[in-house]
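One structure below.
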Amino acid sequence: MQKVAIYPGSFDPITNGHISIIKRALKVVDKLIVVVAENSEKNPLFKIEERVKLIADLGIENTHVKSFKGLLVDCAKQENVNIVIRGLRAVSDFDYEFQLALANRRMNRELETVFLMTDYKYSYLSSSMLKDMAKYGGNIEGLVPENVKNKLKERFLSYGDN
Ligand code: COA
């Protein structure tokens, strides 16, 4: 039987840090559903459809991308999946992730969250930091795939050459 997991996040936008988690997750599961979810606390730069497209265009094998509005547990149920992948960058991520995993497990006892450590090269990286770097002309080479770099460039055209 195929082992399938979901990897949820805001992905606003996807970075090489997320991609490294996707690739490593695919070493433990056969198929990964990347779920671009709404986080009600955030005000995203890219529309959910744009975020989905940026990931889908990467064409990562054994990966399917979709958007979801609502509770993660409902998304998992809809996809018939019991494994959630989350990346941990540093100890500072732990409190929030612990809270999220426990809240999800309270709503669905079958749901297991599996944490993978983010590649040390990207352990400081976040989508917000990346957007700031891109906005003010910082060098984002090596931090995002080419399509994301171009999309950021297009969005922040008036701010610099990056
Ligand atoms: N590489 C680079 N950056 C990483 C990373 C990695 N490996 N892992 C995490 N991050 C960054 C993200 O870029 C993001 O940065 P940002 O805050 O600047 O945007 C940050 O870490 C954490 O974001 P993310 O992993 O996208 O999680 P999130 O907190 O935005 O969203 C959801 C988490 C979508 C899974 C969660 O909000 C959710 O499940 N929402 C649905 C409602 C629900 O069910 N809530 C829970 C029960 S009440």
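First listed ligand is number 1; within each ligand, the first listed atom is number 1. Quick note: numbers below take in every heavy atom, side chains included, and nothing from hydrogens, waters or symmetry partners. Computed from a predicted model, the values in this text were never measured in an experiment.
There is no protein heavy atom closer than 4.0 angstrom to atom 38 (C) of ligand 1.
Judged by distance alone, with hydrogens and angles left aside, the side-chain atoms of Ser20 form no donor-acceptor pair with the main-chain N or O of His18 at under 3.5 Å. With hydrogens and angles ignored, the 3.5 Å screen pairs no side-chain donor or acceptor of Arg51 with any backbone N or O of Ser67. With hydrogens and angles disregarded, a donor-acceptor distance shorter than 3.5 Å links the side chain of Asn147 to the backbone of Leu54.
Looking from atom 13 (O) of ligand 1 to the surrounding protein, the closest heavy atom is Ser127 OG, 2.8 Å. For atom 32 (C) of ligand 1, the closest heavy atom belonging to the protein is Arg86 NH1, 4.5 Å. The protein heavy atom nearest to atom 3 (N) of ligand 1 is Leu125 O, 3.3 Å. Nearest protein neighbour of atom 14 (C) of ligand 1, counting heavy atoms only, is Lys42 NZ, 3.8 Å. Counting only heavy atoms of the protein, atom 28 (P) of ligand 1 lies nearest to Asn39 ND2, 3.5 Å. Counting protein heavy atoms only, atom 29 (O) of ligand 1 is closest to Tyr96 OH, 2.8 Å. Here the protein heavy atom with the shortest distance to atom 26 (O) of ligand 1 is Ser10 N, 2.7 Å. Nearest protein neighbour of atom 20 (C) of ligand 1, counting heavy atoms only, is Arg89 NH2, 3.8 Å.
Every N/O-N/O distance between Gly87 and ligand 1 stays at or above 3.5 Å. Among the atoms of Tyr7, none of the N or O lies under 3.5 angstrom from an N or O of ligand 1. Close N/O approach between Tyr122 and ligand 1 is not found [any backbone or side-chain N/O within under 3.5 Å].
Less than 4.0 angstrom separates some heavy atom of Leu72 from each of these atoms of ligand 1: 39 (O), 43 (C), 44 (O). Of all atoms in ligand 1, numbered sequentially from 1 with element shown, those under 4.0 Å from a heavy atom of Met107 are 47 (C). Those atoms of ligand 1 that come under 4.0 Å of a heavy atom in Pro8, given as number and element, are 35 (C). Close approach of ligand 1 to Thr15 is summarised as follows: ligand atoms under 4.0 Å from at least one heavy atom of the residue are 1 (N), 2 (C). Numbered from 1 in the order shown, with element, the atoms of ligand 1 that lie under 4.0 Å from a heavy atom of Ile21 read 7 (N). The Gly70 neighbourhood of ligand 1 comprises atoms 41 (C), 42 (C), with distances under 4.0 Å to a heavy atom of that residue. The distance from ligand 1 to the heavy atoms of Leu100 drops below 4.0 Å at these ligand atoms: 46 (C). Of all the atoms in ligand 1, the ones that sit under 4.0 Å from a non-hydrogen atom of Ala37 are 34 (C).
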Quiz item: Does the side-chain contact (heavy atoms from CB on, under 4.5 Å) test come out yes or no for Lys151 and Lys53, once each step is laid out?
Solution: CA-CA 11 Å; Lys151 188 86 180 170; Lys53 187 171 184 323; over 6 Å; no
Exercise. Kindly determine whether Val84 and Asn104 satisfy side-chain contact (heavy atoms from CB on, under 4.5 Å), including the steps that lead there.
Key: CA-CA 10 Å; Val84 177; Asn104 285 332; 5.7 Å; no
Exercise. For Asn108 and Lys77, run side-chain contact (heavy atoms from CB on, under 4.5 Å): C-alpha distance rounded to whole Å, both residues' side-chain angles, the deciding distance at 0.1 Å, then the answer.
Key: CA-CA 9 Å; Asn108 177 358; Lys77 199 167 167 187; 5.5 Å; no
Practice problem: Step by step, work out the side-chain contact (heavy atoms from CB on, under 4.5 Å) result for Leu26 and Ile60. | Solution: CA-CA 10 Å; Leu26 284 167; Ile60 305 171; 4.2 Å; yes
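For the atom pair Phe156 CZ and Tyr136 OH, the distance stands at 8.5 Å (nearest 0.5 Å). Here Leu72 contributes atom CG and Leu100 contributes atom CG; the two are 7.0 Å apart, rounded to the nearest 0.5 Å. Here CG of Leu88 is found 8.5 Å from CG of Leu116. Values are rounded to the nearest 0.5 Å.
Using the six-membered ring where Trp is involved, Phe94 and Phe98 have ring planes that are parallel, under 30° apart on the 30 and 60° scheme.
Across Lys131, Lys47, Lys42, a single residue satisfies salt bridge (charged side-chain N to carboxylate O under 4.0 Å, His left out) together with Asp12, and that is Lys131.
Ligand 1 is never approached by Cys75 to a heavy-atom distance shorter than 4.0 Å. At least one heavy atom of Glu38 sits closer than 4.0 Å to an atom of ligand 1. Residue-ligand proximity: Asn104 is placed with a non-hydrogen atom under 4.0 Å from ligand 1.
Looking at heavy atoms from C-beta onward, Val144 lies in side-chain contact with Leu130 at the 4.5 angstrom threshold. Between Arg155 and Lys135, the closest side-chain pair of non-hydrogen atoms is not below 4.5 Å.
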